[in-house]
Amino acid sequence: MRLLLLPILIGILLYCANYAIADTDPNDASALRVLYSSLNSPGQLTKWNANGGDPCGESWTGITCSGNRVTEIKISGLGLSGSLGYQLASLTSVTNFDISNNNLGNQLPYQLPPNVQRLNLAANGFNGALPYSVSQMTSLRYLNVSHNQIQGQVTVAFDSLSSLNTLDFSFNTMTGDLPQSFKALTSMNKMYLQNNQFTGTIDVLANLPLDDLNVENNHFTGWVPDHLKGITKSNGNSWNSGSAPPPPPGTPPASRPHHKSGGNNSPSDGASSGDGGGKSGIGGGAIAGIVISVLVVGAIVAFFVIKKRLKRSSTDIEKHDNQPFAPLAPPQEVHELKTNEASSAPIVKVFEAPAVVNLRPPPIERHKSFDEADIAAKPIVPPKKVNTAKIDARQYSIADLQMATNSFNVDNLIGEGSFGRVYRAQFDDGKVLAVKKINSSALQNPEDFLDIVSEISRLHHPNVTELVGYCSEHGQHLLVYEFHKNGSLHDFLHLSDEESKPLTWNSRVKIALGTARALEYLHEVCSPSLVHKNIKSANIVLDAELNPHLSDCGLASLIADADQALNHNTGSGYGAPEVAMSGVCTIKSDVYSFGVVMLELLTGRKPFDSARTRSEQSLVRWATPQLHDIDALAKMVDPALEGLYPVKSLSRFADVIALCVQPEPEFRPPMSEVVEALVRLVQRANMSKRTFGADQGTSRGETDGPDYEP
Ligand SMILES: *[C@@H]1O[C@H](CO)[C@@H](O)[C@H](O)[C@H]1NC(C)=O
């Protein structure tokens, strides 16, 4: 009897051990489930399950894992339909994503697996544009989107994609000039752009280490750069017929950069396909165990138990390492750090000095800052609700934040919004972050705080302020964000001193476009879509390169009467007329507020300025009747620009504003259209710049070149 039971027992043990080690990372598993339902749960994907299951442990079709992380998704040529869904961003260990040769459609989702090295979306029915998030995929080596219906101009920035060596855009309907950022593709070997509708020259490719280039059947003009001639397929374009090609603008007569020849020529070498290494075949061992001698099986069980233990303790160590900061340092040390930093960081100027002016703590709030008494007075109660949502951000203790902000000292106050005050926080490791202390009175349901933090922590966009961490202790609620040196657009426009340089026209357009992209992301990419409810120049922070980052995203749902808060915003000049009537904010009221920010950029005026004469106090009321009149526009434009702007760009900018601030919400365009209009504006400006060889902004009265309609 005993002899018979033993193998069965061991089989069960083995099964459990296997289950324990293969259990897939929950984020990876959930992303695959969402992908599976977005693909309409096709039968070709055996073992896949939209409601549960263990992709790594159960060897789902096309999935390769390493440990408990998914590293490859190869589901090509299976006749799959549907779309890619919206949860690919959490697949952070995936290096090879291949869904080519299926019948997928719709637009590509904004977020793809972010650290992918090989991305193959070829031969499907994707339309729309390549998502801008590709700009951030710095590990990318192979990108194939050929044979789709991808349209429009390429708005991806290639500046950070220096590992990319194979790019296939062929057989789509892409238009416009090649992006200047192609110049940054210093590893580029093979580039296939054939059968699109690209225009302009291919000069940006002149210095890339190409082995193979196909630009056939486009609308290219100019000349094929000399040393690319041997390797380029170029039929079916409108090349200039003149014999001597001029040197490409801004490049020395090119000598072709050296590169390894015969290097990584086969695109499929980009990432090893492996043999499914991470998966062990021990699932079947449950049966085999009955046969195998008791000794051998026992040894295997022991191995797994030990392995599991080791794994446990190593994650413990990781956790420990992730503890945000070392224990409290003596205050003196903190002070020293601070002064050091101040003397070595010369750039902070614009932000700090003027910010103090309008940031007096309001009287009611004054007694509410953190001090020992305050904290001691509140009993430490464990949170009532157990939060199960995953929070992709660090948890800080109040002690951490207190130390980093010098006890929320007024000197560290850098802003005050509708929802709370923001402090500059300098941590022990030298990191500087921004800490937002949510007004307790503003909180709708304090129990929901962690859920909302979890939601905010999932927002990732280059133009959305990134949440780094949070703190929920002693009845206090704080959010920790990345910090941007140049402060808010509001301060930049309205509080700059005489000496500081005003924003150039190009910077203003860039800020409008980035902010528009952030809003497009919230409205049209996030699902369910997010209404920001509090778009204003004070909520747009600028980094060192003056890229905009929209702050307070996702916060509105945390706040009691957020719509009311915006109502009060109406008085500040940003609120749409219907919000004043109904008290309800919508996507369309965000569009309106965004239009007001654009007006601010154009005129340099505040949306509501009681210091002006009555007829000019409300920016929208004063400006909108004049937006279509070129002469009036020239008078309205920010005098700080000193006439340095292209007239056409200005009037197109004004056209977009006019669309956004229409009184009828239903006539205002969706943000994706605003983004498109601004992208066109930028691209036309670039083109005329090239046409006229003018590097600086064109001045008033000068034409900005021939119109180009894609
Ligand atoms: C891109 O994918 C298409 C369709 O599968 C294929 O024909 C083409 O060779 C691929 N391009 C590269 C550079 O691998």
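Just follow the structure's listing: the first ligand is 1, and inside any ligand the first atom is 1. Values below: all heavy atoms of this structure, side chains included; hydrogens, waters and symmetry mates excluded. None of these values were measured; they are calculated from a predicted model.
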Between T46 and T61, is there a side-chain donor-acceptor contact under 3.5 Å, judged purely by atom types and distance? yes

What part of S100, side chain from CB on, backbone N/CA/C/O, both or neither, has a heavy atom under 4.0 Å from ligand 1? neither

Just which atoms of ligand 1 are under 4.0 Å from any heavy atom in N101? 5 (O)

Review item, side-chain donor-acceptor pairs of residues 125-137, under 3.5 Å, at least two apart:
from	atom 1	to	atom 2	distance (Å)
S133	OG	Y110	O	2.4
S135	OG	Y132	O	2.6
S135	OG	A157	N	3.0

Proximal ligand 1 atoms for Y142, defined as those under 4.0 Å from one of its heavy atoms: 1 (C), 10 (C), 11 (N), 12 (C), 14 (O)

Numbered in order shown, the ligand 1 atoms found under 4.0 Å of a heavy atom of A122 are 1 (C), 2 (O), 3 (C), 4 (C)

Answer yes when D28 and R69 have at least one side-chain N-carboxylate O distance shorter than 4.0 Å, and no when they do not. yes

Taking ring-ring contact (aromatic ring centres under 6.0 Å, His included) as the test, write out the residues that go with W505, two or more places apart. F653

Looking only at side chains, do D168 and Y142 share a donor and an acceptor under 3.5 Å apart? no

Heavy-atom contacts with S146 under 4.0 Å: which atoms of ligand 1 show up? List them by number with element. 1 (C), 2 (O), 3 (C)

Quick check on contacts: which atoms of ligand 1 are under 4.0 angstrom from a heavy atom of Y192? 13 (C)

Measure the acute angle between the ring planes of F198 and F220, then classify it against the limits of 30° and 60° as parallel, tilted or perpendicular. parallel

What atoms in ligand 1 come closer than 4.0 Å to a heavy atom of T166? 13 (C)

Could you check whether any side-chain heavy atom of N214 comes within less than 4.5 Å of a side-chain heavy atom of S170, counting everything from C-beta outward? no

D168 to ligand 1: N or O pair under 3.5 Å? yes

Provide the number and element of each atom of ligand 1 under 4.0 Å from a heavy atom of N144. 1 (C), 2 (O), 3 (C), 8 (C), 10 (C), 11 (N), 12 (C), 14 (O)

